[in-house]
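Working notes for the structure below.
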Amino acid sequence: MFKYEVLKVCKQSGARIAKLTTPHGIIETPVFMPVGTMASVKALSPEEVKEQGSQIILGNTYHLYLRPGHELIKKAGGLHKFMNWDRPILTDSGGFQVFSLSKMRKITDEGATFDSFIDGSKHLITPEKSMEIQQALGSDIMMAFDECTAPDCGYEKSKDAMERTLLWLERCFKVANVPTQMLFPIIQGNMYEDLRIESAKRTAPYAKCGIAVGGLSVGEPKPVMYKMLEAIRPYYPENMPRYLMGVGSADCIVEGVVRGIDMFDCVLPTRIARNGTAMTSKGDITIRNAAYKEDFGPVEEGCDCYTCRNYSRAYIRHLINVDEIFGGRLLSIHNIRFLHRLVNGIKQAIIEDRLLDFRDSFIEKYEK
RNA sequence: GUGGGUAUAGCUCAGUUGGAAGAGCGCCAGAUUGUGGCUCUGGAGGUCGUGGGUUCGAUCCCCACUACUCACC
(Lines give C-alpha, C1' and ligand atoms only; values in the text may rest on other atoms or scores of the structure.)
Protein backbone atom coordinates (compact mmCIF):
# COMPACT_ATOMS: atom_id res chain seq x y z
CA MET A 1 0.00 0.00 0.00
CA PHE A 2 3.00 2.24 0.58
CA LYS A 3 5.81 2.41 -1.93
CA TYR A 4 8.79 4.70 -2.33
CA GLU A 5 10.56 4.99 -5.65
CA VAL A 6 13.48 7.28 -6.43
CA LEU A 7 13.24 8.78 -9.90
CA LYS A 8 16.35 10.91 -10.06
CA VAL A 9 19.34 11.79 -7.90
CA CYS A 10 21.11 15.12 -8.36
CA LYS A 11 24.76 14.42 -9.16
CA GLN A 12 25.80 17.74 -7.68
CA SER A 13 24.01 17.52 -4.30
CA GLY A 14 22.71 13.98 -3.79
CA ALA A 15 19.16 15.32 -3.42
CA ARG A 16 16.51 13.20 -5.05
CA ILE A 17 13.17 13.27 -6.75
CA ALA A 18 10.95 10.40 -5.73
CA LYS A 19 7.40 9.07 -5.64
CA LEU A 20 5.77 8.06 -2.38
CA THR A 21 2.62 6.03 -2.93
CA THR A 22 -0.04 6.22 -0.21
CA PRO A 23 -3.65 4.99 0.05
CA HIS A 24 -4.85 8.44 -0.98
CA GLY A 25 -2.52 8.93 -3.90
CA ILE A 26 1.04 9.58 -4.92
CA ILE A 27 3.22 12.28 -3.39
CA GLU A 28 6.13 13.45 -5.45
CA THR A 29 9.05 14.60 -3.33
CA PRO A 30 10.57 17.01 -2.50
CA VAL A 31 7.29 18.31 -1.17
CA PHE A 32 5.98 21.15 0.94
CA MET A 33 2.93 20.32 3.05
CA PRO A 34 0.61 23.11 4.22
CA VAL A 35 -0.71 22.79 7.75
CA GLY A 36 -4.40 22.40 8.53
CA THR A 37 -4.28 22.01 12.29
CA MET A 38 -8.00 22.14 12.96
CA ALA A 39 -9.02 20.18 9.86
CA SER A 40 -8.72 23.24 7.66
CA VAL A 41 -5.82 25.06 6.06
CA LYS A 42 -6.74 28.35 7.65
CA ALA A 43 -8.76 30.65 5.37
CA LEU A 44 -8.70 28.29 2.36
CA SER A 45 -11.03 25.67 0.90
CA PRO A 46 -9.63 22.26 -0.04
CA GLU A 47 -10.17 23.18 -3.69
CA GLU A 48 -8.05 26.29 -3.29
CA VAL A 49 -5.32 24.32 -1.53
CA LYS A 50 -5.27 21.79 -4.39
CA GLU A 51 -5.25 24.57 -6.97
CA GLN A 52 -1.93 25.78 -5.56
CA GLY A 53 -0.46 22.33 -6.14
CA SER A 54 -0.59 20.91 -2.61
CA GLN A 55 -0.30 17.13 -2.65
CA ILE A 56 -0.67 16.47 1.06
CA ILE A 57 -1.66 18.47 4.14
CA LEU A 58 -1.28 18.13 7.90
CA GLY A 59 -3.85 17.73 10.62
CA ASN A 60 -3.18 17.87 14.33
CA THR A 61 -3.87 15.09 16.79
CA TYR A 62 -3.93 17.19 19.93
CA HIS A 63 -6.23 19.90 18.60
CA LEU A 64 -8.64 17.53 16.88
CA TYR A 65 -8.73 15.31 19.96
CA LEU A 66 -9.84 18.28 22.07
CA ARG A 67 -12.24 19.59 19.44
CA PRO A 68 -14.35 18.14 17.94
CA GLY A 69 -12.96 14.85 19.31
CA HIS A 70 -11.42 11.98 17.36
CA GLU A 71 -14.44 9.74 17.99
CA LEU A 72 -16.67 12.25 16.24
CA ILE A 73 -14.32 12.41 13.25
CA LYS A 74 -14.25 8.61 13.13
CA LYS A 75 -18.04 8.63 13.13
CA ALA A 76 -17.96 11.12 10.26
CA GLY A 77 -15.99 8.61 8.23
CA GLY A 78 -12.48 9.80 9.02
CA LEU A 79 -10.65 13.07 8.62
CA HIS A 80 -10.49 12.92 4.81
CA LYS A 81 -14.23 12.66 4.51
CA PHE A 82 -14.93 15.03 7.40
CA MET A 83 -12.96 17.87 5.82
CA ASN A 84 -13.50 16.91 2.16
CA TRP A 85 -9.82 16.37 1.35
CA ASP A 86 -9.22 13.26 -0.75
CA ARG A 87 -5.45 13.48 -1.06
CA PRO A 88 -2.97 12.22 1.56
CA ILE A 89 -3.02 13.57 5.11
CA LEU A 90 -0.22 13.50 7.66
CA THR A 91 -1.13 13.90 11.31
CA ASP A 92 1.18 15.34 13.88
CA SER A 93 1.25 13.29 17.07
CA GLY A 94 0.65 16.00 19.63
CA GLY A 95 4.33 15.79 20.53
CA PHE A 96 5.00 19.34 19.43
CA GLN A 97 2.19 20.62 21.63
CA VAL A 98 3.96 19.01 24.59
CA PHE A 99 6.67 21.48 23.75
CA SER A 100 4.76 24.56 22.59
CA LEU A 101 2.23 24.39 25.43
CA SER A 102 4.96 23.72 27.96
CA LYS A 103 3.46 26.06 30.53
CA MET A 104 0.65 23.65 31.22
CA ARG A 105 2.12 20.19 31.02
CA LYS A 106 3.76 17.43 32.99
CA ILE A 107 5.89 14.81 31.29
CA THR A 108 6.64 11.35 32.64
CA ASP A 109 7.67 8.14 30.91
CA GLU A 110 4.01 7.22 30.80
CA GLY A 111 3.06 10.26 28.71
CA ALA A 112 2.28 13.96 28.86
CA THR A 113 -0.46 15.52 30.95
CA PHE A 114 -1.96 18.74 29.65
CA ASP A 115 -4.41 21.29 30.91
CA SER A 116 -6.73 21.89 28.01
CA PHE A 117 -6.43 25.47 26.80
CA ILE A 118 -10.14 25.37 26.07
CA ASP A 119 -11.62 24.55 29.46
CA GLY A 120 -8.67 23.75 31.72
CA SER A 121 -9.56 20.06 31.98
CA LYS A 122 -6.68 17.60 32.39
CA HIS A 123 -5.74 15.18 29.63
CA LEU A 124 -3.10 12.45 29.56
CA ILE A 125 -1.69 11.71 26.14
CA THR A 126 0.40 8.58 25.95
CA PRO A 127 2.07 7.09 22.87
CA GLU A 128 -0.78 4.56 22.69
CA LYS A 129 -3.37 7.32 22.99
CA SER A 130 -1.72 9.34 20.24
CA MET A 131 -1.82 6.31 17.94
CA GLU A 132 -5.43 5.61 18.86
CA ILE A 133 -6.39 9.18 17.99
CA GLN A 134 -4.44 9.17 14.73
CA GLN A 135 -6.03 5.84 13.80
CA ALA A 136 -9.47 7.29 14.45
CA LEU A 137 -8.57 10.24 12.24
CA GLY A 138 -7.43 7.84 9.52
CA SER A 139 -4.40 9.79 8.31
CA ASP A 140 -2.10 8.24 5.72
CA ILE A 141 1.02 9.12 7.68
CA MET A 142 1.02 9.02 11.47
CA MET A 143 3.77 10.64 13.47
CA ALA A 144 5.32 9.00 16.51
CA PHE A 145 4.63 10.68 19.83
CA ASP A 146 7.89 12.42 20.69
CA GLU A 147 9.37 14.93 23.11
CA CYS A 148 10.73 18.09 21.58
CA THR A 149 13.14 20.30 23.57
CA ALA A 150 14.14 23.95 23.54
CA PRO A 151 17.57 24.79 22.08
CA ASP A 152 18.87 26.04 25.43
CA CYS A 153 17.68 23.22 27.71
CA GLY A 154 21.11 21.64 28.18
CA TYR A 155 22.68 18.26 27.41
CA GLU A 156 21.11 16.14 30.14
CA LYS A 157 17.55 17.22 29.43
CA SER A 158 18.17 16.79 25.73
CA LYS A 159 19.46 13.27 26.29
CA ASP A 160 16.53 12.40 28.56
CA ALA A 161 14.06 13.64 25.95
CA MET A 162 15.83 11.67 23.24
CA GLU A 163 15.68 8.49 25.35
CA ARG A 164 12.04 9.06 26.20
CA THR A 165 11.25 9.65 22.54
CA LEU A 166 12.80 6.24 21.75
CA LEU A 167 10.89 4.60 24.59
CA TRP A 168 7.67 6.13 23.33
CA LEU A 169 8.54 5.17 19.75
CA GLU A 170 8.71 1.51 20.64
CA ARG A 171 5.24 1.75 22.20
CA CYS A 172 3.86 3.61 19.16
CA PHE A 173 5.40 1.01 16.89
CA LYS A 174 3.66 -1.83 18.75
CA VAL A 175 0.18 -0.42 18.21
CA ALA A 176 0.66 1.17 14.79
CA ASN A 177 -0.62 -1.86 12.98
CA VAL A 178 -3.13 -0.47 10.49
CA PRO A 179 -1.94 -1.31 6.96
CA THR A 180 -3.40 1.89 5.48
CA GLN A 181 -1.51 4.12 7.92
CA MET A 182 2.26 4.44 7.98
CA LEU A 183 4.14 5.44 11.12
CA PHE A 184 7.03 7.90 10.76
CA PRO A 185 9.44 7.85 13.72
CA ILE A 186 11.17 11.07 14.76
CA ILE A 187 14.84 11.78 15.35
CA GLN A 188 15.53 14.09 18.31
CA GLY A 189 18.74 15.08 20.13
CA ASN A 190 18.47 18.86 20.34
CA MET A 191 21.54 20.71 19.02
CA TYR A 192 24.09 18.05 19.99
CA GLU A 193 25.67 16.16 17.12
CA ASP A 194 26.38 13.03 19.15
CA LEU A 195 22.79 12.85 20.43
CA ARG A 196 21.42 13.47 16.94
CA ILE A 197 23.57 10.68 15.50
CA GLU A 198 22.67 8.27 18.28
CA SER A 199 19.01 9.12 17.87
CA ALA A 200 19.21 8.62 14.11
CA LYS A 201 20.89 5.22 14.48
CA ARG A 202 18.47 3.92 17.10
CA THR A 203 15.39 5.38 15.37
CA ALA A 204 16.16 3.99 11.93
CA PRO A 205 15.10 0.37 12.65
CA TYR A 206 11.55 1.58 13.36
CA ALA A 207 11.28 3.45 10.07
CA LYS A 208 9.41 1.39 7.49
CA CYS A 209 8.47 3.99 4.92
CA GLY A 210 9.75 7.34 6.11
CA ILE A 211 11.62 9.06 8.93
CA ALA A 212 11.34 12.52 10.41
CA VAL A 213 13.70 15.01 11.96
CA GLY A 214 12.06 16.88 14.82
CA GLY A 215 13.11 19.47 17.35
CA LEU A 216 14.75 21.78 14.83
CA SER A 217 13.68 25.25 13.77
CA VAL A 218 12.66 25.95 17.34
CA GLY A 219 14.64 29.16 17.80
CA GLU A 220 18.21 28.06 17.09
CA PRO A 221 20.28 29.90 14.46
CA LYS A 222 19.89 28.47 10.96
CA PRO A 223 23.54 27.37 10.65
CA VAL A 224 23.03 25.21 13.76
CA MET A 225 20.05 23.51 12.15
CA TYR A 226 22.05 22.91 8.97
CA LYS A 227 24.88 21.43 11.00
CA MET A 228 22.49 18.96 12.64
CA LEU A 229 21.13 17.92 9.26
CA GLU A 230 24.65 17.32 8.00
CA ALA A 231 25.52 15.29 11.09
CA ILE A 232 22.67 12.81 10.69
CA ARG A 233 22.69 12.59 6.90
CA PRO A 234 24.88 9.45 6.74
CA TYR A 235 22.58 7.60 9.17
CA TYR A 236 19.20 7.76 7.48
CA PRO A 237 17.66 4.38 6.66
CA GLU A 238 17.84 3.36 3.01
CA ASN A 239 15.22 4.11 0.45
CA MET A 240 12.66 6.23 2.24
CA PRO A 241 11.78 9.92 2.47
CA ARG A 242 13.13 12.19 5.21
CA TYR A 243 10.80 14.74 6.68
CA LEU A 244 12.08 17.90 8.37
CA MET A 245 9.31 18.93 10.71
CA GLY A 246 8.13 22.51 11.02
CA VAL A 247 10.37 24.07 8.42
CA GLY A 248 8.92 26.36 5.84
CA SER A 249 10.90 29.48 5.08
CA ALA A 250 12.11 29.47 1.48
CA ASP A 251 15.82 29.53 2.31
CA CYS A 252 15.51 26.70 4.85
CA ILE A 253 13.65 24.54 2.33
CA VAL A 254 16.35 24.97 -0.29
CA GLU A 255 19.11 24.37 2.26
CA GLY A 256 17.18 21.38 3.61
CA VAL A 257 16.85 19.65 0.24
CA VAL A 258 20.54 20.27 -0.37
CA ARG A 259 21.12 18.38 2.89
CA GLY A 260 19.00 15.39 1.92
CA ILE A 261 15.52 16.38 3.13
CA ASP A 262 12.46 15.41 1.06
CA MET A 263 9.44 16.65 3.01
CA PHE A 264 8.62 19.88 4.83
CA ASP A 265 5.62 21.32 6.60
CA CYS A 266 5.09 24.70 8.14
CA VAL A 267 2.46 27.14 9.31
CA LEU A 268 4.64 30.02 8.22
CA PRO A 269 3.15 30.75 4.78
CA THR A 270 -0.42 30.83 6.05
CA ARG A 271 0.36 32.50 9.37
CA ILE A 272 2.40 35.37 7.99
CA ALA A 273 -0.15 35.73 5.19
CA ARG A 274 -2.87 36.47 7.72
CA ASN A 275 -0.60 39.01 9.35
CA GLY A 276 0.12 40.78 6.07
CA THR A 277 3.42 39.36 4.85
CA ALA A 278 4.03 37.93 1.37
CA MET A 279 6.77 35.46 0.47
CA THR A 280 8.75 36.25 -2.66
CA SER A 281 11.99 35.10 -4.24
CA LYS A 282 13.51 38.39 -3.07
CA GLY A 283 12.57 37.70 0.54
CA ASP A 284 9.46 38.37 2.58
CA ILE A 285 7.68 41.66 2.05
CA THR A 286 5.38 43.26 4.57
CA ILE A 287 2.54 44.07 2.24
CA ARG A 288 0.82 46.34 4.75
CA ASN A 289 3.74 48.77 4.68
CA ALA A 290 3.07 52.25 3.31
CA ALA A 291 5.55 51.58 0.52
CA TYR A 292 2.87 49.52 -1.28
CA LYS A 293 0.04 51.99 -0.85
CA GLU A 294 0.00 52.90 -4.53
CA ASP A 295 1.70 49.78 -5.90
CA PHE A 296 -0.73 48.40 -8.44
CA GLY A 297 1.52 45.57 -9.54
CA PRO A 298 1.13 41.92 -8.45
CA VAL A 299 2.61 40.58 -5.20
CA GLU A 300 5.34 38.95 -7.27
CA GLU A 301 6.05 39.61 -10.92
CA GLY A 302 5.84 36.38 -12.90
CA CYS A 303 3.88 34.42 -10.27
CA ASP A 304 1.09 32.31 -11.76
CA CYS A 305 -1.15 32.19 -8.69
CA TYR A 306 -4.76 33.37 -8.61
CA THR A 307 -3.79 36.29 -6.36
CA CYS A 308 -1.02 37.59 -8.61
CA ARG A 309 -3.11 37.10 -11.76
CA ASN A 310 -5.97 39.23 -10.43
CA TYR A 311 -5.03 41.55 -7.56
CA SER A 312 -2.54 44.28 -6.77
CA ARG A 313 -0.29 44.89 -3.80
CA ALA A 314 -2.21 48.12 -3.14
CA TYR A 315 -5.54 46.27 -2.99
CA ILE A 316 -4.21 43.52 -0.71
CA ARG A 317 -2.56 46.12 1.52
CA HIS A 318 -5.89 47.87 1.78
CA LEU A 319 -7.70 44.63 2.69
CA ILE A 320 -5.11 43.72 5.32
CA ASN A 321 -5.19 47.21 6.81
CA VAL A 322 -8.97 47.26 7.14
CA ASP A 323 -8.91 43.73 8.52
CA GLU A 324 -10.84 42.10 5.68
CA ILE A 325 -10.31 38.33 5.73
CA PHE A 326 -10.07 38.24 1.95
CA GLY A 327 -6.63 39.86 2.24
CA GLY A 328 -5.38 36.97 4.37
CA ARG A 329 -6.92 34.51 1.93
CA LEU A 330 -5.23 36.10 -1.07
CA LEU A 331 -1.84 36.14 0.63
CA SER A 332 -2.28 32.56 1.87
CA ILE A 333 -2.96 31.48 -1.71
CA HIS A 334 0.12 33.32 -2.94
CA ASN A 335 2.44 32.10 -0.18
CA ILE A 336 1.48 28.45 -0.58
CA ARG A 337 1.78 28.71 -4.34
CA PHE A 338 5.14 30.43 -3.90
CA LEU A 339 6.53 27.51 -1.88
CA HIS A 340 5.21 24.96 -4.38
CA ARG A 341 6.78 26.92 -7.22
CA LEU A 342 10.01 27.03 -5.25
CA VAL A 343 9.93 23.23 -4.87
CA ASN A 344 9.26 22.92 -8.60
CA GLY A 345 12.37 24.98 -9.23
CA ILE A 346 14.32 22.71 -6.89
CA LYS A 347 13.07 19.64 -8.76
CA GLN A 348 14.08 21.07 -12.10
CA ALA A 349 17.55 21.78 -10.69
CA ILE A 350 17.78 18.18 -9.42
CA ILE A 351 16.83 16.88 -12.87
CA GLU A 352 19.57 19.03 -14.35
CA ASP A 353 22.15 18.07 -11.67
CA ARG A 354 22.67 21.68 -10.60
CA LEU A 355 20.95 22.01 -7.23
CA LEU A 356 23.97 23.62 -5.54
CA ASP A 357 24.13 26.28 -8.25
CA PHE A 358 20.39 26.80 -7.87
CA ARG A 359 20.82 27.19 -4.11
CA ASP A 360 23.60 29.76 -4.48
CA SER A 361 21.72 31.96 -6.91
CA PHE A 362 18.45 31.61 -5.01
CA ILE A 363 19.97 32.56 -1.66
CA GLU A 364 21.81 35.49 -3.18
CA LYS A 365 18.58 36.96 -4.56
CA TYR A 366 16.55 36.02 -1.49
CA GLU A 367 18.83 37.70 1.03
CA LYS A 368 19.56 40.83 -0.96
C1' G B 1 -30.82 86.34 24.44
C1' U B 2 -29.97 83.80 29.59
C1' G B 3 -27.62 80.03 32.36
C1' G B 4 -24.41 75.68 32.48
C1' G B 5 -20.64 72.41 30.34
C1' U B 6 -16.38 71.35 27.35
C1' A B 7 -11.61 72.80 24.95
C1' U B 8 -4.98 67.92 26.42
C1' A B 9 -1.65 63.33 20.43
C1' G B 10 -4.77 62.45 13.78
C1' C B 11 -9.59 60.52 16.70
C1' U B 12 -12.16 59.37 21.63
C1' C B 13 -10.81 60.78 26.27
C1' A B 14 -7.87 60.18 31.21
C1' G B 15 -4.76 63.19 34.42
C1' U B 16 -2.03 66.53 37.64
C1' U B 17 -4.63 68.62 46.01
C1' G B 18 0.16 73.78 41.03
C1' G B 19 6.60 70.85 40.42
C1' A B 20 9.19 69.49 32.90
C1' A B 21 2.17 65.07 30.10
C1' G B 22 -0.88 59.53 29.67
C1' A B 23 -4.24 55.48 27.62
C1' G B 24 -7.06 53.20 23.78
C1' C B 25 -7.68 53.52 18.69
C1' G B 26 -5.25 55.25 14.22
C1' C B 27 -0.46 55.93 11.85
C1' C B 28 4.74 54.00 11.03
C1' A B 29 7.87 49.78 11.46
C1' G B 30 9.56 44.85 13.22
C1' A B 31 8.44 39.69 14.56
C1' U B 32 6.16 35.04 13.29
C1' U B 33 9.06 28.00 11.19
C1' G B 34 5.38 19.72 13.48
C1' U B 35 -0.62 27.19 14.43
C1' G B 36 -3.46 28.48 22.11
C1' G B 37 -2.13 34.06 16.94
C1' C B 38 -8.19 39.35 13.40
C1' U B 39 -1.55 37.72 17.57
C1' C B 40 2.95 39.81 19.68
C1' U B 41 6.89 43.78 20.06
C1' G B 42 8.66 48.56 19.22
C1' G B 43 8.41 53.79 17.27
C1' A B 44 6.84 58.67 15.75
C1' G B 45 3.39 62.30 17.23
C1' G B 46 1.23 67.42 22.01
C1' U B 47 4.70 75.36 23.42
C1' C B 48 -2.44 70.76 27.41
C1' G B 49 -8.05 76.54 22.56
C1' U B 50 -6.11 82.15 22.44
C1' G B 51 -4.55 86.47 25.37
C1' G B 52 -3.64 88.34 30.11
C1' G B 53 -3.22 87.75 35.70
C1' U B 54 -1.67 85.27 40.52
C1' U B 55 2.82 82.28 41.83
C1' C B 56 9.68 80.73 42.62
C1' G B 57 6.87 77.71 39.13
C1' A B 58 0.37 77.25 35.61
C1' U B 59 -2.14 72.17 31.33
C1' C B 60 -4.22 72.69 36.48
C1' C B 61 -6.20 78.73 40.19
C1' C B 62 -8.42 83.84 38.46
C1' C B 63 -10.17 87.21 34.30
C1' A B 64 -11.32 88.12 29.20
C1' C B 65 -11.94 86.27 24.38
C1' U B 66 -13.00 82.40 20.70
C1' A B 67 -15.10 77.74 19.19
C1' C B 68 -18.20 73.70 20.11
C1' U B 69 -22.21 71.82 23.08
C1' C B 70 -26.61 71.27 26.45
C1' A B 71 -30.87 73.48 28.84
C1' C B 72 -34.24 77.39 29.09
C1' C B 73 -36.57 81.92 27.07
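Per chain, numbering begins at 1; letters A, B, ... match sequence-line order.
Below the 3.5 angstrom threshold, one finds a donor paired with an acceptor across the side chain of A/Thr277 and the base of B/U32. Between the side chain of A/Arg271 and the base of B/U32 there is no donor-acceptor pair of N/O atoms closer than 3.5 Å.
Straight-line distance between the P atoms of B/U50 and B/C73: roughly 36 Å, to the nearest whole Å. Rounded to whole Å, the C1' atom of B/G53 lies 11 Å from the corresponding atom of B/A58. B/U35 and B/A44 are spaced 37 Å apart, taking the P atom of each and rounding to whole Å. Taking atom C1' on both B/U6 and B/C48, the two are 14 Å apart, rounded to the nearest angstrom. Comparing the C1' positions of B/U32 and B/C38 gives a spacing of 15 Å, expressed to the nearest Å. Across B/C27 and B/U16, the matching C1' atoms stand 28 Å from one another, rounded to whole Å. Comparing the P positions of B/C40 and B/G57 gives an interatomic distance of 47 Å, to the nearest angstrom. A gap of 7 Å separates the P atoms of B/A14 and B/A7, to the nearest Å.
Grouping the Ile, Leu, Val, Met, Phe, Trp and Tyr side chains by contacts below 4.5 angstrom, directly or via other members, places A/Tyr236 apart from A/Met240. There is no path of hydrophobic side-chain contacts, each under 4.5 Å, that joins A/Phe184 to A/Met142.
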Throw together a table of side-chain donor-acceptor distances under 3.5 angstrom for residues 83-90 of chain A, partners on residues two or more places apart or in other chains.
| residue | atom | partner | partner atom | Å |
| --- | --- | --- | --- | --- |
| A/Trp85 | NE1 | A/Arg87 | O | 3.1 |
| A/Trp85 | NE1 | A/Pro88 | O | 3.0 |
| A/Asp86 | OD1 | A/Lys50 | NZ | 2.9 |
| A/Arg87 | NH1 | A/Ser54 | O | 2.7 |

What donor-acceptor contacts under 3.5 angstrom involve side-chain atoms of residues 359-368 of chain A, with partners at least two apart or in another chain?
| residue | atom | partner | partner atom | Å |
| --- | --- | --- | --- | --- |
| A/Arg359 | NH1 | A/Glu255 | OE1 | 2.8 |
| A/Ser361 | OG | A/Asp357 | O | 3.3 |
| A/Ser361 | OG | A/Phe358 | O | 3.2 |

Exercise answer: donor-acceptor pairs, residues 310-321 of chain A side-chain atoms, under 3.5 Å, sequence neighbours excluded:
| residue | atom | partner | partner atom | Å |
| --- | --- | --- | --- | --- |
| A/Asn310 | ND2 | A/Tyr306 | O | 2.9 |
| A/Tyr311 | OH | A/Tyr306 | OH | 2.9 |
| A/Ser312 | OG | A/Tyr315 | N | 3.0 |
| A/Arg313 | NE | A/Pro298 | O | 3.2 |
| A/Arg313 | NE | A/Val299 | O | 3.1 |
| A/Arg313 | NH1 | A/Asp295 | OD2 | 2.9 |
| A/Arg313 | NH2 | A/Val299 | O | 2.9 |
| A/Arg317 | NH1 | A/Arg288 | O | 2.7 |
| A/Arg317 | NH1 | A/Asn289 | O | 3.3 |

Given the rule that a pair is Watson-Crick or G-U wobble with both distances under 3.5 Å, how would you write RNA chain B in dot-bracket, using | for pairs to a different strand? (((((((..((((.....[..)))).(((((.......))))).....(((((..]....)))))))))))).

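The side chain of A/Val247 has B/U33 as its nearest neighbour among B/U33, B/G36, B/U35. With B/G34, B/G30, B/U35 as the choices, the nucleotide that has an atom nearest any side-chain atom of A/Lys42 turns out to be B/U35. Residue A/Thr37 has its side chain nearest to B/U35 when only B/U33, B/G34, B/U35 are considered.
For A/Gln97 and B/G36, the shortest distance from a side-chain N or O to OP1 or OP2 is below 4.0 Å. Within the structure, every side-chain polar atom (N or O) of A/Ser217 is placed at least 4.0 Å from both OP1 and OP2 of B/U33. Regarding contacts with the backbone of B/G30, a side-chain N or O of A/Thr286 is found under 4.0 angstrom from either OP1 or OP2.
Using a distance-only test at 3.5 Å, with no hydrogens or angles considered, a donor-acceptor pair links the side chain of A/Arg171 to the main chain of A/Glu110. A side-chain donor-acceptor contact under 3.5 Å links A/Ser199 to the backbone of A/Gln188.
Take the nearest nucleotide of RNA chain B for A/His63 and for A/Gly246: the residue whose nucleotide is more 5' is A/Gly246.
Atom CD1 in A/Ile211 sits about 15 Å away from atom C1' in B/G34, given to the nearest Å. One can place CG of A/Leu229 at 15 Å from C1' of B/G34, the figure rounded to the nearest angstrom. Following rounding to the nearest Å, A/Asn321 (CG) and B/C27 (P) show an atom-to-atom distance of 6 Å. Rounded to whole Å, atom P of B/G34 lies 18 Å from atom CD1 of A/Ile187. Residue A/Ile287 contributes atom CD1, which lies 17 Å from atom C1' of B/U32 at whole-angstrom precision. If you take CD1 of A/Ile57 and P of B/U35, they are 13 Å apart, rounded to a whole angstrom. Protein atom CE of A/Met33 is 13 Å distant from nucleotide atom C1' of B/U33, rounded to whole Å. Whole-Å rounding puts the A/Leu44 CG to B/U35 P distance at 16 Å.
Nucleic acid contact for A/Asn289: sugar-phosphate only, since backbone atoms but no base atoms lie under 4.0 Å from a heavy atom of the residue. Heavy atoms of A/Glu147 sit nowhere under 4.0 angstrom from any nucleic acid atom. Using a 4.0 Å heavy-atom cutoff across all strands shown, A/Lys293 reaches no nucleic acid atom at all. Residue contacts shown for A/Gly215 include a base, since a base heavy atom lies under 4.0 Å away. Residue A/Leu216 is classed as having no contact, given no heavy-atom separation below 4.0 Å to the nucleic acid. Among the protein residues, A/Arg317 comes within range of the sugar-phosphate backbone only, with heavy atoms under 4.0 Å from sugar or phosphate atoms but none that close to a base. A/Ile272 comes within contact range of at least one nucleobase, with a heavy-atom separation under 4.0 Å. When heavy atoms are screened at a 4.0 angstrom cut-off, A/Thr270 is found touching base atoms of the nucleic acid.
Using a 4.5 Å heavy-atom cutoff, the side chains of A/Leu356 and A/Val258 are in contact. Residues A/Arg202 and A/Met162 meet the side-chain proximity criterion, which asks for heavy atoms closer than 4.5 Å. In this structure the side chain of A/Thr61 never reaches within 4.5 angstrom of the side chain of A/Ser139, judged on heavy atoms.
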Show the distances under 3.5 angstrom between N or O atoms of the protein and N or O atoms of nucleotides 39-42 of chain B.
| residue | atom | partner | partner atom | Å |
| --- | --- | --- | --- | --- |
| B/U39 | O4 | A/Asn275 | OD1 | 3.2 |

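Looking at residues two or more places apart in sequence or on another chain, you find no side-chain hydrogen bond (donor to acceptor under 3.5 Å, both in side chains) involving A/Glu324.
Taking each heavy atom of A/Glu132 and A/His70 in turn, the nearest pair found is OE2-NE2, 3.5 Å.
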